[in-house]
Asks: 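Pasting a structure here, questions to come.
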There are 2 protein chains.
Amino acid sequence: MSWTVGELARLAGVTVRTLHHYDRIGLVRPSARTSAGYRSYDGRDLDRLQQVLVYRELGFPLEEVATLLDHPDADPVAHLRRQHQLLRARLERTQAMVAAVEKEMEARQMGIQLTPEERFEVFGDVDPAQYDAEAEERWGETEAWAESRRRVSSYGKDDWLRIKAEAADVERRLAEALRDGVPADSPRALDLAEEHRRHISRWFYDCPPEMHAGLGRMYVEDERFTAHYEQLAPGLAQYVSTAVQANAARQG
Amino acid sequence: MSWTVGELARLAGVTVRTLHHYDRIGLVRPSARTSAGYRSYDGRDLDRLQQVLVYRELGFPLEEVATLLDHPDADPVAHLRRQHQLLRARLERTQAMVAAVEKEMEARQMGIQLTPEERFEVFGDVDPAQYDAEAEERWGETEAWAESRRRVSSYGKDDWLRIKAEAADVERRLAEALRDGVPADSPRALDLAEEHRRHISRWFYDCPPEMHAGLGRMYVEDERFTAHYEQLAPGLAQYVSTAVQANAARQG
DNA sequence: GGAACAGCCTGACGCCACGTCAGGGTCAAG
DNA sequence: CTTGACCCTGACGTGGCGTCAGGCTGTTCC
């Protein structure tokens, strides 16, 4: 499958001019051109554009996005982890701003004057793409983590095999529990769900119970995820979904 | 109290250059100059700057911010309402992006390929300051509301007096309940709390129970809000806080 | 088969919201 | 009365595109 500029632009919600620009600066280049010189984007170009758009949305300058994406030892999953983290930071910031506006309204209603410091405190670290101090820290944290992972990840393929095997193991035991008639909200099922959650947290991204519950819902709402489980055992998708959500309730 | 450029810049988390720029384009002008030509900002300039920064953060072009803020029949509360609404929209959008990243991660882990449409759907309406279609709608909604309020608000002062009187009435009845020894988690107290919530929702901004609970917490955590209630009756701040939160639990 | 129309191309200039000097005045402390 | 932090006003630069202009491509419909 391949796309023309116009198609991709519509798909991604950007203008053609933007894609031209990204091509010129080498940020997202079409993998091919037609004989007439038309840009032709393929699946991997889409991958790339998606990553770019997330980072852009987060306020990174394009040049930095380029160096990030072209950095050799940052695999796709690492980027997703990072984006996830930054988005959550942004969520917090927006929530803080919402709270600030609410506070201001409430203060007005009561005829209370807030101090200037208070009123501006939410604008402190405006820039989402933080380089400064605090960001170093955040980066450092991620970098430390990346380092500790890079060691393990240096034998790459084996590592992935182990992760996959671990996941398959949890899934197999969940299927067994289902087959044995163990209720989805029993301690045994919940423990397996918790193992599932820890596996994700360990290898992919920090996944607190609440988020895990969200994934659980997805397993029955999105047919492709459903299919993944159903092909292991009929009824497993619903089973896992229930167990995961029950476990989240237990943990929270 | 007045501030120099540098002071205000530090306070508001912007650069001096930015303030110069806002002065030049007439967006935020210092209300005075010293004999030496130094800019001197007062309290109302801070108000203005704060409003500007919120709108800027929301992605509005500065020129539009100017017309918004200089619009005659948009009082401060109307702006706060609007900002609140826009921030909540942004919150939803960010949550959607977080969810999208999580889905992508999960898909990768399972070896599932998402469709291009899915992967980009979150980038649909990128611009926070939406003019297009959907925005018209949102604006329309706000405008309709503004209209219906403008009528009431046309006799302005009276209106405000009524709002204040209504608020005072609820507060008085809460104080009475406290004096009469009615428990803060009793139906009577909860009903008064609910009245309080409706009053806010009606005159200020949509305030669902959950948000109301947040306000309740603030009443005991922020001394000035505490003082507001304590001066009506000792113990009232805690009483209202408890009632409001209990009511939120009841409603939710 | 040709005309119309949507879509693609490459310059090139414009614009917004500042960043970044340059060159020079102001002011409180020592 | 000097030092150093802070202030002023130009003026130019930059990032991330928007917006023509002028011209080629490709499908569709008569």
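A, B, ... follow the sequence lines: proteins, then strands. Residue 1 opens every chain.
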Asks: Keeping the roles fixed (side chain from A:Thr94, backbone from A:Arg90), state whether a donor-acceptor pair exists under 3.5 Å.
Replies: yes
Asks: Go through residues 30-41 of chain B and report each residue with a non-hydrogen atom lying under 4.0 Å from DNA chain D, sorted by number.
Replies: B:Arg33, B:Gly37, B:Tyr38, B:Arg39
Asks: Under a 4.0 Å threshold between the charged nitrogen and the carboxylate oxygen, would A:Arg33 count as salt-bridged to A:Asp23?
Replies: yes
Asks: Report the residue from A:Leu19, A:Leu27, A:Val54 that forms a side chain to side chain contact (heavy atoms under 4.5 Å, CB included) with A:Leu49.
Replies: A:Leu19
Asks: Looking only at side chains, do B:Thr67 and B:Glu64 share a donor and an acceptor under 3.5 Å apart?
Replies: no
Asks: Going 5' to 3' along DNA chain C, which are the first and last nucleotides with any atom under 4.0 Å from a heavy atom of chain A?
Replies: C:dG7 to C:dA12
Asks: Taking only Lys NZ, Arg NE, NH1 and NH2, and the carboxylate oxygens of Asp or Glu, determine whether B:Glu57 and A:Arg93 approach each other closer than 4.0 Å.
Replies: yes
Asks: When you check the gap from the basic side-chain N to the acidic O, do B:Asp42 and B:Arg48 get nearer than 4.0 Å?
Replies: no
Asks: Base contacts versus sugar-phosphate-only contacts with protein, heavy atoms under 4.0 Å: please encode nucleotides 11-16 of chain D as B, S and - from 5' to 3'.
Replies: B----B
Asks: How far apart are the C-alpha atoms of B:Thr226 and B:Gln231, what are their side-chain angles, what is the distance that settles it, and do they pass the side-chain contact (heavy atoms from CB on, under 4.5 Å) test?
Replies: CA-CA 9 Å; B:Thr226 307; B:Gln231 96 192 28; over 6 Å; no
Asks: Between P on D:dA5 and CD on B:Glu7, what's the gap in Å once rounded to a whole number?
Replies: 16 Å
Asks: Do you know which two heavy atoms are closest between A:Ser40 and A:Asp45, and how far apart they sit?
Replies: O-OD2, 4.0 Å
Asks: Step by step, would you call B:Thr4 with B:Tyr38 a side-chain contact (heavy atoms from CB on, under 4.5 Å)?
Replies: CA-CA 7 Å; B:Thr4 69; B:Tyr38 284 22; 5.6 Å; no
Asks: Take the angle between the ring planes of A:His79 and A:Tyr55 and call it parallel below 30°, perpendicular above 60°, tilted in between.
Replies: perpendicular
